[in-house]
Amino acid sequence: CHQPEKAFTDGLPQAQGVGRASHHTPTIIGTAYSPWFFWDGRKDSQWSQALGPMESSVEHGGTRTHFAKIVVSDPAYHKAYEDIFGVLPDLTDDVRFPSNAAPIDEPVSRAAWTGMKAADRHTISRIYSNMGKAISAYERLILPGPSRFDRYVEAVLNGNENAQKRLFNEDEIAGLRLFMGKGNCTQCHNGPLLTNNDFHNTGLPSISGTAKDDGRAAGVKSVKADEFNCLGQFSDAHDGDCSELKFAKVSGAELMGSFKTPTLRNLTQTAPYMHDGQLSTLAAVVDFYNRAPAALLGHSELLPLRLSAKEVSRLEQFLLTLDGPINAPKGYLSAPR
């Protein structure tokens with residue numbers, strides 16, 4: 001799903017694993033700075049997010065005992081794990097540690113999991129959580145590089161008018177003004193990553209054939225109950241590190257149908273757009289916000305922008321300046337040898 005050549009997305013409306021997921025694949029670029037993960041925020045760290053797809057019936061379709069046994073039995077994984085996390089236990093007893101056991105909806109695996117002793121379940125979940133932390137250690141190195149917009153901002157701050165004229169044309173400057181003003185874009189898309197990392201209802205319809213999605217209203221309940229959240233027993237966080245989770249709003253009409261604000265960086269490489277991949281082009285996105293249709297679920301925060309065709313074009317041209325390279329060592333953008 002997260003392909004480096006596609007800005008760590010997949011180019012599909014909904015992610016495709018062993019089945020079709022319900023949501024569009026977001027980029028991982030810059031997510032080291034995000035307090036919430038998935039479109040509904042049902043995970044609160046990179047490491048806990050990495051665990052969700054592994055046991056998802058439509059993504060990897062695995063179980064945590066299966067993954068733990070791979071780590072233990074593979075010599076390279078075994079050594080790498082012990083170098084970081086300490087001695088691995090012996091998991092060869094298939095009675096104590098069934099080949100496929102996990103607290104998931106699949107009944108056979110769930111029954112195998114509930115049949116295990118609590119201490120053995122804890123042993124497996126500890127290995128599983130450490131796998132997520134290893135994945136997170138890699139993902140934290142994937143950062144956005146400077147875009148043409150960043151270079152323009154630098155030129156403005158330095159008072160370099162020649163560089164400003166070289167970097168942005170009049171339409172792009174006008175588009176930037178619209179972005180910050182009449183377009184009302186910075187209400188959600190602000191800060192270095194051009195996202196406030198919050199949740200908003202923008203009135204998007206669900207893709208035909210998908211289940212009703214309550215968005216953040218369901219996601220916040222899920223993250224509060226998650227065994228791998230910031231306050232859980234497998235977390236390495238300190239007491240003062242979990243304020244987002246502790247004080248997350250758990251009720252309110254504004255949560256219904258709300259989804260996480262995505263970054264606007266590398267837009268041309270992350271289509272289609274929105275949480276279900278509903279809109280295939282950037283022009284369609286700008287047109288949607290310009291019209292601001294009513295929400296089918298909850299209440300949309302949008303108001304019609306009433307931009308002219310020329311203003312729409314200028315706003316779109318500015319958004320194209322937000323593309324930049326991936327700021328990571330080249331070796332991390334290809335498969336390990």
Side-chain angles (χ1 to χ4, degrees), residues 1-2 8 15 17 21-68 70-71 77 81 84-86 101-105 109-110 113 121-143 193 195 197-199 214-250 255 259-263 275:
C1 294
H2 300 286
F8 285 91
S22 58
H23 289 135
H24 175 60
T25 299
T27 181
I28 67 168
I29 299 173
T31 52
Y33 298 98
S34 179
W36 306 109
F37 296 83
F38 292 109
W39 288 99
D40 59 4
R42 64 184 182 272
K43 294 286 187 175
D44 64 349
S45 68
Q46 280 183 314
W47 69 265
S48 62
Q49 183 282 325
L51 303 176
M54 294 166 68
E55 288 187 324
S56 166
S57 61
V58 295
E59 295 186 65
H60 291 280
T63 62
R64 63 188 65 178
T65 57
H66 172 73
F67 294 124
I70 290 175
V71 170
Y77 281 141
Y81 183 100
I84 301 168
F85 300 112
I104 57 178
D105 290 337
S109 297
R110 176 173 283 275
W113 181 255
R121 292 198 299 265
H122 183 275
T123 294
I124 293 295
S125 292
R126 173 62 68 185
I127 297 171
Y128 189 55
S129 66
N130 285 341
M131 292 173 66
K133 292 169 186 177
I135 294 171
S136 172
Y138 163 72
E139 289 182 332
R140 293 180 71 80
L141 302 175
I142 310 302
L143 299 171
L193 293 173
T195 170
N197 286 311
D198 207 347
F199 302 87
D214 293 340
R216 182 57 172 168
V220 70
K221 295 176 183 177
S222 181
V223 71
K224 286 279 190 177
D226 185 16
E227 64 178 314
F228 297 118
N229 70 23
C230 187
L231 295 170
Q233 60 181 321
F234 300 104
S235 173
D236 300 315
H238 301 292
D239 290 342
D241 294 339
C242 304
S243 58
E244 288 95 347
L245 182 65
K246 288 180 180 177
F247 301 110
K249 188 168 186 178
V250 297
L255 302 181
F259 294 91
K260 185 181 173 184
T261 303
T263 179
H275 63 275

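Side chains included, hydrogens not; waters and symmetry mates left out as well; all remaining heavy atoms used.
By the 4.5 Å heavy-atom criterion applied to side chains, Lys224 and Asn229 are not counted as neighbours. Side-chain atoms of Asp236 and Lys133, non-hydrogen and from C-beta on, do get closer than 4.5 Å to each other. Between Phe8 and Thr25, the closest side-chain pair of non-hydrogen atoms is not below 4.5 Å. Trp36 places a side-chain heavy atom less than 4.5 Å from the side chain of Asp44. Two residues are said to be in side-chain contact when any heavy atoms from C-beta on lie closer than 4.5 Å; Trp113 and Ile104 fail this criterion. For the pair Leu231 and Leu245, the minimum side-chain heavy-atom distance is below 4.5 Å. Side-chain contact between Phe37 and Pro26: absent, with no pair of heavy atoms (C-beta onward) separated by less than 4.5 Å.
Aromatic ring orientation, Trp39 versus His24: tilted (interplanar angle from 30° to 60°).
Atom-to-atom distance recorded for Ile135:CD1 and His2:NE2 is 10.0 Å, nearest 0.5 angstrom. Distance check: Trp47 CH2 to Tyr128 OH gives 10.5 Å after rounding to the nearest 0.5 Å. Within the model, atoms CD1 of Ile28 and OG of Ser34 stand 12.5 Å from one another, a figure rounded to the nearest 0.5 Å. In this structure, the separation between CZ on Arg126 and CD on Gln233 is 7.0 Å, given to the nearest 0.5 Å. Considering CG of Asp214 and NZ of Lys221, their distance stands at 7.5 Å, rounded to 0.5 Å. Put simply, CD on Glu55 and NE2 on His66 are 11.0 Å apart, with the number rounded to the nearest 0.5 Å.
Annotation: Arg140, atom CZ; neighbour count of heavy atoms from other residues, nucleotides and ligands within 6.0 Å does not exceed 12. Counted within 6.0 Å of OH on Tyr138, heavy atoms from surrounding residues, nucleotides or ligands total more than 12; the atom is thus considered enclosed.
Nearest heavy-atom pair, Thr27 versus Thr31, reported as atom, atom and distance to 0.1 Å: O-CG2, 3.6 Å. Shortest non-hydrogen contact noted between Ala32 and Gln46 is N-NE2, 3.4 Å. Scanning all heavy atoms of the two residues, the minimum distance from Arg110 to Pro103 falls at NH2-O, 3.3 Å. When all heavy atoms of Cys230 and Ser235 are compared, the pair lying nearest together is O-OG, 2.8 Å. The minimum heavy-atom distance linking Ser109 with Thr63 is given by the pair OG-CG2, 3.6 Å. When all heavy atoms of Leu193 and Gly30 are compared, the closest pair comes out as CD1-O, 3.3 Å.
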**Intermediate values then yes/no, side chain to side chain contact (heavy atoms under 4.5 Å, CB included), Tyr33 and Leu143** = CA-CA 10 Å; Tyr33 298 98; Leu143 299 171; 3.8 Å; yes

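A donor-acceptor pair is defined here as one N or O able to donate and one able to accept, closer than 3.5 Å; such a pair exists between the side chain of Arg216 and the backbone of Asp40. No donor-acceptor distance shorter than 3.5 angstrom exists from the side chain of Glu59 to the backbone of Ala21, with no hydrogens or angles considered. Between the Ser129 side chain and the Ser125 main chain, a donor and an acceptor come within less than 3.5 Å of each other.
Aromatic ring centres of Tyr81 and Tyr77: separated by at least 6.0 Å.
With sequence neighbours left out, the salt bridge (Lys or Arg N to Asp or Glu O under 4.0 Å) criterion links Glu244 to no other residue. Every ring-ring contact (aromatic ring centres under 6.0 Å, His included) that Phe234 has, sequence neighbours left out, goes to His122, Phe228.
Ion pairing between Lys43 and Asp226 holds under the 4.0 Å rule for side-chain N and carboxylate O.
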